[in-house]
Amino acid sequence: MIEAEPLPTPAPDASAPTLDDAIAAEAAEASAELAVSPLRRRNPALGIRRHLRAMRLVFNVLLLLALLYTITLTKALLIPLVLAAFIGLALNPIVAFGARLHVPRWLTALVLMIGLIAGISTGVGLLAQPAVGWFHGAPAAIKSFVPKLRSVTQPLEAANRATQTLVNGTNRAQVPQPTSVSITAWDVVSTAPKVLAAVLSVLLLVFFFLIYGDSMLRRLVEITPSFAYKRHAVTIVRGIQAEISRYLLTAFVINASLGAITAGMLWLYKVPDPLLWGAVAMFANFIPYVGAFVTTTVLAIVCMLYAKDANLEVFLPALTFAGITAVEGNLITPLIQGASMRLSPIAILLWLLIWGWLWGIPGALLAVPMLTCTKLICERVRGWEWFAHIVQR
């Protein structure tokens with residue numbers, strides 16, 4: 001028999017992976033898998049979602065900055081529009097009441113606009129002359145008030161001279177030379193056309209809001225997909241409209257009453273131009289905290305300028321006004337408006353800073369009404385309740 005020769009065994013390849021290398025690779029892969037968190041192993045797309053969330057945050061910040069820039073750039077258009085919307089919301093219940101009595105909306109709106117124009121014209125006629133007169137008479141009043149402070153400033157001047165003697169070795173005190181102040185009404189006259197155009201724009205917008213406000217609401221409801229959504233939209237819009245109208249009317253009545261009481265108090269103290277300072281107090285009271293402080297300071301300065309003697313009694317009108325605003329802000333306004341309208345002082349101050357920075361004085365006057373309206377809207381819109389909870393006291 002022929003014996004079969006054994007097949008030649010191949011020589012081991014040094015580059016081929018051995019069993020030990022495969023075991024080591026599997027151990028390294030297992031340790032790497034253990035290093036990954038269990039949540040990451042269960043959800044491999046978590047990292048992608050985190051990246052998307054970070055990108056969304058960046059885009060939201062950029063969108064907010066672009067919105068703030070747009071609001072600042074278009075303030076000449078937005079300020080009359082926002083003011084007209086607020087006035088229209090405040091007067092809309094009167095027009096709706098007339099419509100329920102079968103009075104045409106355009107007729108009720110026309111009567112309201114005639115009354116509004118008459119009120120604005122009367123107020124401007126009563127306050128323009130005292131305001132211009134105060135601007136012209138302020139420099140002379142300041143010059144006449146400086147000698148009255150001589151008895152108060154003499155001890156300070158004596159201490160100043162003693163200090164200069166000790167430091168410089170001389171008793172000659174440098175007396176500052178009075179500077180002449182020239183205040184004219186040219187700036188007021190030059191801005192009159194712009195103010196008149198803004199007032200006419202606001203009046204026209206208010207008139208059309210009062211006439212076509214309900215038709216705009218019907219158009220808004222018609223675009224909703226189903227009857228349930230339509231009913232929900234009508235309920236939300238009607239509730240927001242009623243609450244905002246009630247708040248605006250209440251705030252206007254309270255501030256107008258404060259202005260009237262302030263004017264009467266200043267008339268009893270024989271302060272010049274009480275109607276002017278009453279109007280200042282009324283409009284400034286739309287700015288909580290800051291408005292009362294500013295009006296008190298202005299009244300203190302005015303009383304010092306027109307006082308005959310330099311004593312502490314000249315501050316009685318300012319102190320009386322501070323007491324009136326303290327009672328109004330802490331007792332009357334919370335009692336009338338209720339707890340639902342109360343806002344956090346921190347939220348108010350932050351809102352005032354933001355809108356005062358964006359729009360100036362008009363933004364400061366409209367800031368709190370806008371914050372209150374935003375709170376009322378967020379309370380009824382799903383997903384935005386957190387903002388109403390944050391700004392509420």
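All residue numbers refer to positions in the sequence shown, counting from 1.
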- Could you state whether Trp106 and Ile94 fall into the same hydrophobic cluster, counting links through intermediate Ile, Leu, Val, Met, Phe, Trp or Tyr residues with side-chain heavy atoms under 4.5 angstrom apart? yes
- Item | For Pro272, all residues meeting side chain to side chain contact (heavy atoms under 4.5 Å, CB included), sequence neighbours excluded | Tyr306
- Message: The criterion is side chain to side chain contact (heavy atoms under 4.5 Å, CB included); which residues satisfy it with Cys373, sequence neighbours excluded?
- Response: Phe86, Ile244
- Note on the structure: Between the CD1 atom in Ile261 and the CZ atom in Phe321, the distance rounded to the nearest 0.5 Å is 10.5 Å
- Message: Are Glu379 and Leu376 packed together at the side-chain level, in the sense that at least one heavy-atom pair is separated by less than 4.5 angstrom?
- Response: yes
- Do Leu343 and Lys375 touch side chain to side chain, with heavy atoms closer than 4.5 Å? yes
- Task: Supply the atom-to-atom distance Leu91 CG to Thr108 OG1, rounded to the nearest 0.5 angstrom.
- Result: 11.5 Å
- Do the side chains of Leu77 and Met370 join up, straight or via other hydrophobic residues, at under 4.5 Å, putting them in one cluster? no
- Check the hydrophobic clustering (I, L, V, M, F, W, Y; side-chain heavy atoms under 4.5 Å; chains of links allowed) and say if Ile348 and Val294 are grouped together. yes
- Task: Would you name the heavy atoms of Pro369 and Leu248 that are closest together and state the gap between them?
- Result: CB-CD2, 4.2 Å
- Item | Non-hydrogen side-chain atoms of Arg246 and Leu89 separated by less than 4.5 Å | no
- Message: Tell me whether Asn92 contacts the main-chain N or O of Gly88 through its side chain, where contact means a donor paired with an acceptor under 3.5 Å.
- Response: no
- Message: Let me check something: do Val271 and Trp267 share a hydrophobic cluster, defined by ILVMFWY side-chain heavy atoms less than 4.5 Å apart, either directly or through other members?
- Response: no
Distance-only donor-acceptor hits, side chain of residues 352-368, under 3.5 Å, sequence neighbours excluded:
from   : atom 1 : to    : atom 2 : distance (Å)
Trp359 : NE1    : Ile71 : O      : 3.2

- Any donor-acceptor pair under 3.5 Å from Arg105 side chain to Tyr212 backbone: no
- Message: Please say yes or no: joined through hydrophobic side-chain contacts below 4.5 Å, possibly via intermediate residues, are Val199 and Leu83 part of one cluster?
- Response: yes
- Please tell me if the side chains of Thr262 and Leu266 come closer than 4.5 Å, counting only heavy atoms from C-beta onward. yes
- Task: Supply the atom-to-atom distance Ile377 CD1 to Thr372 OG1, rounded to the nearest 0.5 angstrom.
- Result: 11.0 Å
- Message: Quick check against the 3.5 Å criterion: does Thr333 have a side-chain atom that pairs as donor or acceptor with the backbone of Glu328?
- Response: yes
- Message: Show, in sequence, the C-alpha distance, side-chain angles and deciding distance for Arg100 and Phe97, and conclude whether the side chain to side chain contact (heavy atoms under 4.5 Å, CB included) test is met.
- Response: CA-CA 5 Å; Arg100 287 194 295 269; Phe97 179 75; 3.7 Å; yes
- Task: Determine whether Leu258 and Ile254 make a side-chain contact, defined as any pair of heavy atoms from C-beta on separated by less than 4.5 Å.
- Result: no
- Task: May I ask you to check whether over 12 heavy atoms, not counting those of Ile346, lie within 6.0 Å of atom CD1?
- Result: no
- Looking at residues at least two apart in the chain, or sitting in another chain, which of them share a side chain to side chain contact (heavy atoms under 4.5 Å, CB included) with Val327? Leu331, Ile332
- Query: side-chain contact (heavy atoms from CB on, under 4.5 Å) with Val58: which of Asn60, Leu62, Val61?
  - Reply: Leu62
- Roughly how far, to the nearest 0.5 Å, is CG of Leu68 from CG of Leu63? 9.5 Å
Donor-acceptor pairs under 3.5 Å, side chain of residues 111-133 to any protein atom, not counting sequence neighbours: which ones?
from   : atom 1 : to     : atom 2 : distance (Å)
Ser121 : OG     : Ile117 : O      : 2.8
Thr122 : OG1    : Ala118 : O      : 2.8

- Message: I'd like to check Met265 versus Pro317 (side-chain heavy atoms, cut-off strictly below 4.5 Å). Are they in contact?
- Response: yes
- Note on the structure: What one should report as the nearest heavy-atom pair of Pro80 and Ala76 is CD-O, 3.2 Å
- Message: What I'd like to find out is whether the side chain of Cys303 reaches to under 4.5 Å of the side chain of Phe315, using heavy atoms alone.
- Response: no
- Query: Measuring from Thr74:OG1 to Ile79:CD1, what's the distance to the nearest 0.5 Å?
  - Reply: 9.5 Å
- Note on the structure: Output for pair (Leu299 CG, Leu316 CG), nearest 0.5 Å, gives 12.5 Å
- Message: Is any side-chain heavy atom of Leu81 closer than 4.5 Å to one of Phe209?
- Response: yes
- Closest approach of Val290 to Leu349 (non-hydrogen atoms, all atoms of both residues): CG2-CD2, 4.4 Å
- Of all the heavy-atom pairs spanning Ala347 and Leu371, show the shortest one and how long it is. O-CD2, 4.0 Å
- Can you list every ring pair (Phe, Tyr, Trp, His ring centres under 6.0 Å) pair that touches residues 370-391, not counting sequence neighbours? Trp384-Trp386
